[in-house]
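Worksheet for the structure shown next.
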Amino acid sequence: MSQERYLLGMLLLSGSLSLASNDYIVPGLRQFLDKIHPSTSTTPKWTKMMWETVFNCQFLPENQTVSLGNPVKVCTGLERIEDIKNNAIYTSSLKMTYVMFVAVHVLVKALDDLKTCKIGEGPFSKRTCANIWHFKPWQLLYYMRRVKVNINLKNEKYFDENGDPPGLYAVANWNLEANGTLAQVKIGIYNNTAPPPEDLTMNRSVIVWNLGSQQIPLSRCSNSCTIGFRKAAMQGKQSCCYACVPCLHGEFSNKTGDVPHLGNCISSSKKKNVSMNSNYLFLVLKYMK
């Protein structure tokens, strides 16, 4: 992908909102990554692979230089994790490690429950237990569906009657950084186990829309027509795009075009009752049979 197309894609996504897995991270992992470096790691091979992936660069063998025909970004070792903490790819990778972390905890707890089953009190046929060394997949699944694991005080993992875990998601705002990368900024939480309206909490004041604006963008290309105007189709445009033109002589419009079937002018030649109050003029049409 060319640099121009990449930047265009970043611009299009900038300011958008999305649901993302909540920002839970394996305890201690971020602190470990903050300290790790290829030159001091006890596992330099794996650390270099991680470094090249995270910073999109490459360590060159000694005495090898970059050829003009195949330019690559060379890792210098001076790159800092601190500079990419909000990078979408980096944060997504950390969240994926948490998913695996939780999966291991769930599996271990299910195996422990299977192992500690008391003979004669088991959940299977004739109150039997599964053999920890020779169990069937469906026997392990029985325990996994009943697992409850407390990863921390506010994050209990379990499965409902459909086998689904609780849905706790972060509401993220995608912001374009000065270096051309996208950063996910958490602006709220969606919890599908909470009753409305507590299921969605959002701080709308910190949302940054496209091009850095804090003004909520218009989701259509035309504003509603005001009273006295009607919608006029625009050639070559979508149906949601229209111009607002004044009603013709002998016609009126006393509604705005917020509702699709409104915003059209009505002929005043039909008989009507006119009643007035201090704020509005109501026109009530009466059709003669």
Side-chain angles (χ1 to χ4, degrees), residues 16-36 43 46 49-50 53-54 81 85-174 183-204:
S16 59
L17 302 181
S18 67
L19 289 178
S21 56
N22 214 345
D23 53 355
Y24 293 121
I25 297 175
V26 177
L29 178 60
R30 190 182 289 276
Q31 293 78 3
F32 170 76
L33 293 175
D34 287 345
K35 298 176 181 178
I36 199 170
T43 54
W46 292 106
M49 290 175 61
M50 183 276 291
T53 301
V54 168
I81 296 289
K85 278 188 175 180
N86 289 328
N87 182 277
I89 297 177
Y90 178 69
T91 54
S92 296
S93 299
L94 291 182
K95 291 174 184 177
M96 286 306 299
T97 60
Y98 181 79
V99 172
M100 292 183 283
F101 175 76
V102 171
V104 170
H105 273 72
V106 168
L107 185 59
V108 168
K109 181 65 170 64
L111 287 170
D112 184 63
D113 291 343
L114 185 151
K115 179 183 177 182
T116 55
C117 174
K118 294 182 179 180
I119 298 176
E121 299 180 9
F124 306 121
S125 177
K126 298 181 181 181
R127 309 287 290 174
T128 57
C129 298
N131 187 327
I132 186 62
W133 301 109
H134 304 285
F135 60 83
K136 303 294 183 181
W138 59 268
Q139 293 174 317
L140 177 61
L141 179 62
Y142 172 88
Y143 287 101
M144 289 186 66
R145 295 193 66 160
R146 289 158 178 78
V147 157
K148 285 194 175 182
V149 179
N150 285 303
I151 305 299
N152 54 48
L153 294 178
K154 295 183 179 180
N155 189 17
E156 184 181 49
K157 296 299 181 184
Y158 59 91
F159 302 101
D160 63 17
E161 62 275 9
N162 298 316
D164 297 319
L168 190 61
Y169 303 95
V171 182
N173 181 207
W174 292 72
Q184 280 185 320
V185 179
K186 183 179 175 181
I187 61 168
I189 292 178
Y190 173 70
N191 182 0
N192 70 352
T193 62
E198 288 84 8
D199 56 345
L200 177 62
T201 57
M202 241 183 3
N203 185 1
R204 292 176 173 83

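Excluded from the calculations below are hydrogen atoms, water molecules and symmetry mates; all remaining heavy atoms, backbone and side chain alike, are included.
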What heavy-atom pair brings [X] and [Y] nearest, and what distance separates the two atoms?
X: Leu140; Y: Leu111; value: CD1-CD2, 3.7 Å
X: Gly122; Y: Cys117; value: CA-SG, 3.5 Å
X: Val171; Y: Met202; value: CG1-SD, 3.6 Å
X: Pro165; Y: Phe159; value: N-CD2, 4.0 Å
X: Lys109; Y: Lys148; value: CE-O, 4.3 Å

Ignoring hydrogens and geometry, is there a side-chain-to-backbone donor-acceptor pair from [X] to [Y] under 3.5 Å?
X: Asn162; Y: Asp164; value: no
X: Asn173; Y: Gln184; value: no
X: Asn192; Y: Gly167; value: yes

Determine whether [X] and [Y] make a side-chain contact, defined as any pair of heavy atoms from C-beta on separated by less than 4.5 Å.
X: Phe101; Y: Leu29; result: no
X: Val147; Y: Lys157; result: no
X: Leu17; Y: Ile187; result: yes

Geometric class of the Tyr142/Phe124 ring pair [parallel <30°, tilted 30-60°, perpendicular >60°]: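 If you compare the ring of Phe124 with that of Tyr142, the planes turn out perpendicular.
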CG-OG1 distance between Leu168 and Thr193, expressed to the nearest 0.5 angstrom: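 Answer for the CG-OG1 pair, Leu168 versus Thr193, is 7.0 Å.
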Value rounded to 0.5 Å, distance of CZ in Phe32 from CD1 in Ile81: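 So the gap between those two atoms works out to 10.5 Å.
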Arg30/Asp34 ion pair, N-O < 4.0 Å: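 Looking at Asp34 together with Arg30, the answer is no, because their closest N to O distance does not fall below 4.0 Å.
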